[in-house]
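What follows is a set of notes on a single structure, which appears directly below.
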Number of protein chains: 2
Amino acid sequence: MASTSIESFYSEDIDSTKDLPQKQKQVLKACLELFASKGFEATTTADIAKKAGVSQGTVYKRFNTKEQLLQAVVQPLFSKTIPRAAKEFSYDINHFQYDNLAEFLKPTLRNRLTFATENKQIIKILFMQAISDPQLLAELVKSVKSVLTNTIPKVIDKLKEEHLLVDWDTARIMEYVLSIGAGYGAQIVLFDRKLDLDTVIDQAVEFLVKGLSPEK
Amino acid sequence: MASTSIESFYSEDIDSTKDLPQKQKQVLKACLELFASKGFEATTTADIAKKAGVSQGTVYKRFNTKEQLLQAVVQPLFSKTIPRAAKEFSYDINHFQYDNLAEFLKPTLRNRLTFATENKQIIKILFMQAISDPQLLAELVKSVKSVLTNTIPKVIDKLKEEHLLVDWDTARIMEYVLSIGAGYGAQIVLFDRKLDLDTVIDQAVEFLVKGLSPEK
DNA sequence: CATAAGTGAGTTAGTACTCACTCACAAGGG
DNA sequence: CCCTTGTGAGTGAGTACTAACTCACTTATG
């Protein structure tokens, strides 16, 4: 449950790639920061060159179009950074101790909403970009797929077996929990609302437990 | 529960405004269509002129910048069209017959998800524009405020009085129902998913009723 | 010294915006 | 009933600017 800054993870991932000159790495990092704060369209190649401390020609040395540059920025993000964050989340989940639904949901929700708060900008821009670019969306989904198809379902199935959870489709249960979580996530990320996480989570979990407990 | 196309409502609203020459009206209508299909930034003034069947000069005769043009397009949308759609929704809600929570939620959810399906594009563009433009967001909220502060709370309070609904804060209950609804709305509007509304609504209502029924 | 990395002053394309002009029509004076 | 004048709508070629992209050249490096 350590705090996870996508940006610094990304920086590490870029630094660890071989076959890329220092200045090109600076370009990629500058892009991530600029895209996150201003969005892709609103960022000019001149902005990028300035922020990276290189000339415009350098920006175009490796990456021939702005579009290719976006691909180059996003590729390690999806292939390394996000999977790493997802893995960390999976690890956290697998190490929570819980004997009932509430004890599982509370730290999980807190974990994700904290993550959302700490990475607002990047999540927002990634989300908006993905909405208008189906290919990007597909890659984004792919990069968190394992969490959605393994980690979470495993917990749900376990809770179902122990009769701590209603016996509905796993996907269906996940949908409801995700909707409630995404509702708060959207308030934080998209609308910049400051939430009192403690209250909000306690109440949301109370509702979810009520709605998802098996009939006695 | 009649189908409500924002675009045709808007067209009527524009036609009924005085003090605006025919060609200027065409410009506004063309803008709504183009903004909805391509987005604001991606739409050029040349596109607008062509679609409206006027010259570029005409586009700028009344509206001095593209930004002002957006304002001019959006203003009647917020002051007339959306309030009209909201009123129709309020009317529908007040005329549903229901003796329990499920009977209220089902037609309401169906009504909104149908509306979302029929107005995908406009909702998507309005949503994305509102996310990156706080002033627009404020106006959007204002235009549906009455529904959020009167129509829905009235129903919730009534259900609470009749002990058909758990005795939580009205705002809190609304949040959960909206989250679940918005979850499906997002799938339809943002990710173009085709949902089997019947199944999805029946199941969601089953969950909501379970989670929101008062303790016996 | 050959190859890769880097430079920055261009070029080019596209887009928001302007302006000198035409046209249709209405009001008013002879 | 014409003619003049005024006005607001409309035009489209043109301008100013911006932003992506190029290239002849310089500098560093194995």
Side-chain angles (χ1 to χ4, degrees), chain A residues 14-76 125 128-129 132-133 135-136, chain B residues 14-76 125 128-129 132-133 135-136:
Chain A
I14 290 296
D15 284 335
S16 73
T17 52
K18 299 294 167 204
D19 290 338
L20 201 63
Q22 182 53 31
K23 297 217 172 181
Q24 301 295 336
K25 293 181 181 175
Q26 287 168 33
V27 167
L28 292 183
K29 292 183 201 171
C31 280
L32 188 72
E33 284 181 52
L34 287 169
F35 292 169
S37 63
K38 311 172 61 173
F40 176 68
E41 276 88 21
T43 302
T44 68
T45 50
D47 288 339
I48 296 167
K50 193 176 169 198
K51 177 132 207 166
V54 303
S55 75
Q56 283 212 53
T58 304
V59 174
Y60 278 92
K61 201 76 201 181
R62 253 322 208 270
F63 315 111
N64 303 312
T65 67
K66 208 183 160 192
E67 205 49 52
Q68 277 181 41
L69 189 53
L70 176 63
Q71 298 304 322
V73 171
V74 145
Q75 194 263 323
I125 193 68
M128 294 193 60
Q129 210 66 37
S132 40
D133 181 348
Q135 203 200 322
L136 209 81
Chain B
I14 290 296
D15 284 335
S16 73
T17 51
K18 298 295 166 204
D19 290 336
L20 201 63
Q22 182 52 31
K23 297 218 171 183
Q24 301 294 337
K25 294 181 182 176
Q26 286 169 33
V27 168
L28 293 183
K29 291 183 201 173
C31 281
L32 188 73
E33 285 182 52
L34 287 169
F35 292 169
S37 63
K38 313 172 59 173
F40 175 68
E41 277 88 20
T43 302
T44 69
T45 49
D47 288 340
I48 296 167
K50 193 175 171 200
K51 177 133 206 165
V54 304
S55 76
Q56 283 212 54
T58 304
V59 174
Y60 279 93
K61 202 78 201 181
R62 229 18 189 243
F63 315 111
N64 303 313
T65 68
K66 208 182 159 193
E67 206 49 54
Q68 276 181 41
L69 189 53
L70 176 63
Q71 297 304 323
V73 171
V74 145
Q75 193 263 324
I125 192 68
M128 294 194 62
Q129 211 65 39
S132 41
D133 180 350
Q135 203 198 325
L136 209 81

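Note on naming: letters A, B, ... go to the chains in the order of the sequence lines (proteins, then strands), and numbering restarts at 1 for each one. Just so it is clear, the structure is predicted and the values come from calculations on it, not from any experiment.
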**Item:** Qualifying residue, where the test is side-chain contact (heavy atoms from CB on, under 4.5 Å) with Ile48(B) and the options are Thr58(B), Val59(B), Val54(B)
**Value:**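 Per the side-chain contact (heavy atoms from CB on, under 4.5 Å) rule, the option paired with Ile48(B) is Val59(B), out of Thr58(B), Val59(B), Val54(B).
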Send over the distance from [X] [atom1] to [N] [atom2], rounded to a whole Å.
X        : N       : atom1 : atom2 : answer
Lys23(A) : dT26(D) : NZ    : P     : 18 Å
Gln22(B) : dA24(C) : CD    : P     : 18 Å
Phe63(A) : dA20(D) : CZ    : C1'   : 16 Å
Asp47(A) : dA19(D) : CG    : C1'   : 10 Å
Asp19(A) : dA4(C)  : CG    : C1'   : 12 Å
Leu70(A) : dC21(D) : CG    : P     : 12 Å
Arg62(A) : dA4(C)  : CZ    : P     : 10 Å

**Prompt:** Does OP1 or OP2 of dG6(C) have a side-chain N or O of Ser55(A) closer than 4.0 Å?
**Reply:**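 So the side chain of Ser55(A) is outside the cut-off, no N or O lying under 4.0 Å from OP1 or OP2 of dG6(C).
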**Request:** Ignoring backbone atoms, establish whether Thr58(A) has a side-chain N or O less than 4.0 Å from OP1 or OP2 of dT7(C).
**Result:**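 Indeed, a polar side-chain atom of Thr58(A) lies that close.
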Please list each protein N or O that sits under 3.5 Å from an N or O in nucleotides 13-19 of chain C, with the distance.
from    : atom 1 : to       : atom 2 : distance (Å)
dA16(C) : OP1    : Lys66(B) : NZ     : 3.1
dA16(C) : OP2    : Thr45(B) : N      : 2.8
dA16(C) : OP2    : Thr45(B) : OG1    : 2.9
dC17(C) : OP2    : Tyr60(B) : OH     : 3.0
dC17(C) : OP2    : Lys66(B) : N      : 2.7
dC17(C) : N4     : Gln56(B) : OE1    : 3.1

**Message:** Tell me if a side-chain donor or acceptor on Lys61(B) pairs with a main-chain N or O of Gln24(B) at a distance below 3.5 Å.
**Reply:**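 Not confirmed, Lys61(B) side chain does not pair with Gln24(B) backbone.
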**Message:** Looking at Lys66(B) and Thr43(B), would you say the former's side chain and the latter's main chain have a donor-acceptor pair under 3.5 Å?
**Reply:**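 Yes; judged by distance alone, with no hydrogens or angles, the pair exists.
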**Prompt:** Can you name the nearest heavy-atom pair linking Ala46(B) to Gln56(B), along with the distance?
**Reply:**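 Where Ala46(B) meets Gln56(B) most closely, the heavy atoms are CB-NE2, 3.9 Å.
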**Request:** Give, for atom OG1 of Thr65(A) and atom CG of Leu70(A), the distance between the pair rounded to the nearest 0.5 Å.
**Result:**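 Thr65(A) atom OG1 to Leu70(A) atom CG measures 9.0 Å (nearest 0.5 Å).
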**Minimum side-chain heavy-atom gap Tyr60(A)-Thr45(A) below 4.5 Å** =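 The answer is yes, as the side chains (C-beta and beyond) meet within the 4.5 Å cut-off.
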**Request:** Give one of base, sugar-phosphate or nothing for Val59(A), where a contact means two heavy atoms less than 4.0 Å apart.
**Result:**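 Here Val59(A) touches no strand at all.
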